[in-house]
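What follows is a single structure, written as structure tokens, with notes after it.
Keep in mind that the numbers below use all heavy atoms, side chains included, and drop hydrogens, waters and symmetry copies.
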Amino acid sequence: GPGFSRDYSRPAPYNLVSNLAQVAGAVHTGGSKAIGFTFARTWPALTGAPAGLAVNTVVGSTSVDFRWVPSLGKYVRMIGGQQLHAASGAPIAAPNVLVQLCKVSVNPGDIDVVGNPSQFTHTVGSGTAVLFRNGKRIVGKWSRGNTASGTTWTTLSGKPLLMAPGGAIVVLATVGAPV
């Protein structure tokens, strides 16, 4: 197909190469869709926000914890009080942790080998969201009209929740989970 060719100086199957610009040009569908994240380097709302130095919640029966590390400017994922690291040794971390509280229901059509049904997290609808950014905690709301649309995260007054540039970890927790 467009953008793919063979480099016959290498043995198959390691000789298939791709020109990603040509592939993208051939399958371009009009650009990426906004999924709801809004980023800003500064945000005056942080000035009066309460401290958010730790994120402690639960997904299913799994504890999900992060700690703000000012020297990194990020929240580092913790398991059992220890930092989680990638194979490179770098901590698993992001400048934003967004906890979205969702309705969760039993999915009887998906049973594990021990007979336990899986859980289905409902991300269409609306509810509470909590953004942890710059060592601060901002309570807001989320809403998503249908499965084809992105999610909107706003403050309680309806303005966009502004995340720090550099990425985010979104945690889908059950309504009623601690945050």
Side-chain angles (χ1 to χ4, degrees), residues 27 29-39 49-69 72 74-179:
V27 298
T29 60
S32 60
K33 291 182 182 179
I35 61 168
F37 294 151
T38 307
F39 294 95
L53 302 176
V55 181
N56 306 101
T57 191
V58 177
V59 175
S61 60
T62 303
S63 176
V64 179
D65 304 301
F66 295 85
R67 297 287 178 273
W68 173 249
V69 179
L72 295 175
K74 295 181 178 183
Y75 288 88
V76 176
R77 176 71 164 99
M78 309 291 286
I79 295 180
Q82 299 297 313
Q83 287 188 6
L84 186 62
H85 292 88
S88 68
I92 303 296
N96 307 284
V97 176
L98 183 61
V99 180
Q100 180 174 318
L101 298 173
C102 304
K103 179 182 170 193
V104 176
S105 59
V106 172
N107 181 2
D110 185 13
I111 309 292
D112 70 15
V113 294
V114 201
N116 300 308
S118 69
Q119 303 291 306
F120 181 81
T121 303
H122 300 268
T123 60
V124 172
S126 61
T128 301
V130 183
L131 173 63
F132 293 84
R133 172 199 168 156
N134 297 81
K136 301 289 187 163
R137 181 182 197 274
I138 306 281
V139 177
K141 304 179 285 188
W142 68 270
S143 65
R144 183 174 180 215
N146 58 60
T147 57
S149 65
T151 302
T152 301
W153 291 280
T154 64
T155 63
L156 293 175
S157 64
K159 295 180 180 171
L161 278 178
L162 299 179
M163 292 191 247
I169 296 174
V170 179
V171 179
L172 302 178
T174 306
V175 170
V179 181

- request: Specify the closest pair of heavy atoms between Pro160 and Thr155, including all atoms of both residues, with the distance to one decimal.
  value: O-CG2, 4.1 Å

- prompt: Taking the side chain from Tyr75 and the backbone from Gly135, do they hold a donor-acceptor pair closer than 3.5 Å?
  reply: yes

- prompt: Taking all atoms of both residues into account, what is the closest heavy-atom pair of Val58 and Ala173, and its distance?
  reply: O-CB, 3.6 Å

- request: Output the distance between atom CE (Met163) and atom OG1 (Thr38), rounded to the nearest 0.5 Å.
  value: 7.0 Å

task: Search all heavy atoms of Arg144 against all heavy atoms of Thr147 and return the closest pair with its distance.
output: NH2-O, 2.8 Å

field: Check against side-chain contact (heavy atoms from CB on, under 4.5 Å), Lys74 and Val69
entry: CA-CA 6 Å; Lys74 295 181 178 183; Val69 179; 6.0 Å; no

query: In a check of side-chain contact (heavy atoms from CB on, under 4.5 Å) between Thr57 and each of Val64, Leu172, Thr62, which one passes?
result: Val64

Leu161 CG to Thr154 OG1 distance, which is reported to the nearest 0.5 Å: 6.0 Å

field: Side chains of Thr123 and Thr151 in contact at under 4.5 Å (non-hydrogen atoms)
entry: no

message: Assess the residue pair Arg77 and Gln83 against the criterion (side-chain contact (heavy atoms from CB on, under 4.5 Å)); give the C-alpha distance rounded to whole Å, side-chain angles, the decisive distance to 0.1 Å, and a yes or no.
response: CA-CA 6 Å; Arg77 176 71 164 99; Gln83 287 188 6; over 6 Å; no

Nearest non-hydrogen partners of Leu162 and Arg133, listed with the distance: O-NH1, 2.8 Å

statement: For Val55 and Phe132, the nearest pair of non-hydrogen atoms, with its separation, is CG2-CG, 3.4 Å

- prompt: Counting N and O atoms only, with roles assigned by atom type, does the side chain of Asn146 sit under 3.5 Å from a partner on the main chain of Ala148, one being a donor and the other an acceptor?
  reply: yes

message: Working to the nearest 0.5 angstrom, can you tell me the gap between Asn107 CG and Thr121 OG1?
response: 10.0 Å

Side-chain donor-acceptor contacts of residues 94-106 below 3.5 Å, not counting sequence neighbours, with atom names and distances?
from, atom 1, to, atom 2, distance (Å)
Asn96, OD1, Ala164, N, 2.8
Asn96, ND2, Ala164, O, 2.7
Asn96, ND2, Gly167, O, 2.7
Gln100, OE1, Trp153, NE1, 3.1
Ser105, OG, His122, NE2, 2.7

- request: Search all heavy atoms of Phe66 against all heavy atoms of Val171 and return the closest pair with its distance.
  value: CE1-CG2, 4.1 Å

CD-CG distance between Gln119 and Asp110, expressed to the nearest 0.5 angstrom: 10.5 Å

